[in-house]
Protein chains: 2
Amino acid sequence: MKPIDVFKALSNETRLQILEWLKEPEKHFTSQEVNDFQNVGVCVTQFHEKLKVTQSTASQHLSILHRAGLVITSRRGKWTYYKRNEEAFHQLKEMIGHEI
Amino acid sequence: MKPIDVFKALSNETRLQILEWLKEPEKHFTSQEVNDFQNVGVCVTQFHEKLKVTQSTASQHLSILHRAGLVITSRRGKWTYYKRNEEAFHQLKEMIGHEI
DNA sequence: TTGACATATCGCGATATGACGATATAATAA
DNA sequence: TTATTATATCGTCATATCGCGATATGTCAA
């Protein structure tokens with residue numbers, strides 16, 4: 001986890017919104033295929049619709065969060081689910097004050 | 001302290017370097033005018049020289065860190081001194097996990 | 001007041017980022 | 001196999017950021 005990549009990933013309102021929604025997915029999304037948000041997460045189309053950006057844009061934002069290590073993805077059939085990587089946020093907190 | 005401004009300020013290697021040096025100024029700078037790093041801080045010219053960027057660039061980086069609330073400035077005569085705002089880093093840690 | 005030094009701001013070109021539409025890839029359904 | 005759906009990637013354009021030189025502002029000493 002490179003600090004600079006994490007901070008760049010967090011330097012965008014859309015991505016902060018995604019992460020906020022992912023704190024309580026059941027509150028912000030109505031699951032279609034699965035409803036086990038905690039273990040599985042939220043798929044790209046749901047972000048695409050709720051964010052009101054194109055599917056392409058939604059996918060790219062999620063990709064940036066993933067490369068920064070802030071979310072975990074899991075493929076189930078044709079869906080890719082995204083959920084928060086709480087461990088990464090824990091590490092980030094540790095980082096601030098030590099490395100930064 | 002707007003999260004997005006803080007993360008943008010932290011999304012640059014030069015600024016991360018400044019903050020790192022400011023953790024132990026006495027280790028990285030030889031004070032010329034004053035040597036009370038803890039209370040006063042480090043002036044622009046010292047960053048300008050050590051970073052090997054123009055005075056203009058150094059000043060701008062420090063300005064961005066200041067607007068984000070991550071450093072505190074104090075003017076003494078013709079010098080402007082910069083030091084870490086540890087309170088801001090504390091708040092940032094709190095923010096992660098709550099707001100973010 | 002004038003000159004010298006420290007810092008801040010302006011304007012510019014180069015590069016990075018953000019959003020999009022188009023298209024490629026992957027998985028399932030018919 | 002072919003069509004459909006979900007996601008990822010590519011190319012393009014608009015905007016933001018970065019670093020610079022030039023210049024303005026602020027402070028002090030002569």
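In what follows, chains carry the letters A, B, and so on, assigned in the order in which the sequence lines appear, proteins first and then strands, with residues in each chain numbered from 1. None of these values were measured; they are calculated from a predicted model. Worth knowing before you read on, the calculation uses all heavy atoms, side chains too, and leaves out hydrogens, waters and symmetry mates.
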What protein N or O atoms touch nucleotides 21-24 of chain C N or O atoms at under 3.5 angstrom, if any, and at what distances?
{"residue": "dG21(C)", "atom": "O6", "partner": "Ser56(A)", "partner atom": "OG", "Å": "2.8"}

Worksheet item: How would you label the contact of Tyr82(B) with the nucleic acid (heavy atoms, under 4.0 Å): base, sugar-phosphate, or nothing?
Response: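 Sugar-phosphate only.
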
Worksheet item: Starting at NZ of Lys78(A) and ending at P of dT5(D), how long is that distance when rounded to a whole Å?
Response: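 Distance, rounded to whole Å: 7 Å.
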
Fill in: Gap between atoms CH2 and P, on Trp79(A) and dT5(D) respectively (whole Å)
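The distance from CH2 of Trp79(A) to P of dT5(D) comes to 11 Å, rounded to the nearest Å.
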
Discussion item. Please confirm whether the shortest side-chain N or O distance from Thr45(B) to OP1 or OP2 of dT7(C) is below 4.0 Å.
Written reply: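 The answer is yes; a side-chain N or O of Thr45(B) sits under 4.0 Å from OP1 or OP2.
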
Item to complete: May I ask you to verify if any side-chain N or O of His61(A) is less than 4.0 angstrom from the OP1 or OP2 atom of dA19(C)?
Response: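 Indeed, a polar side-chain atom of His61(A) lies that close.
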
Discussion item. Applying a strict under-4.5 Å side-chain criterion to I, L, V, M, F, W and Y, I'd like to know whether Ile72(B) and Val42(B) cluster together.
Written reply: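 No: no chain of side-chain contacts under 4.5 Å links Ile72(B) to Val42(B).
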
Worksheet item: Does the side chain of Leu70(A) come within less than 4.5 Å of Leu10(A)'s, by heavy atoms?
Response: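 In contact.
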
Protein-nucleic acid N or O pairs under 3.5 Å, nucleotides 12-17 of chain D:
{"residue": "dT17(D)", "atom": "OP1", "partner": "Lys8(B)", "partner atom": "NZ", "Å": "3.3"}

Discussion item. Taking the six-membered ring of Tyr81(B) as reference, does the cationic atom of Arg75(B) (NZ for Lys, CZ for Arg) lie under 6.0 Å from its centre and within 45° of its axis?
Written reply: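 No cation-pi geometry.
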
Worksheet item: Angle class for the Phe37(B)/Phe29(B) ring planes (parallel below 30°, perpendicular above 60°, tilted otherwise)?
Response: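 Geometry flag for Phe29(B) against Phe37(B): tilted rings.
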
Worksheet item: Should the ring pair His66(A) and Tyr82(A) be called parallel, tilted or perpendicular, given that the plane angle runs from 0 to 90° and is split at 30 and 60?
Response: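 Rings of His66(A) and Tyr82(A): perpendicular, over 60°.
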
Worksheet item: Considering only dC20(C), dG26(D), dT7(D), which nucleotide approaches the side chain of Val53(A) most closely?
Response: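 Output: dC20(C).
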
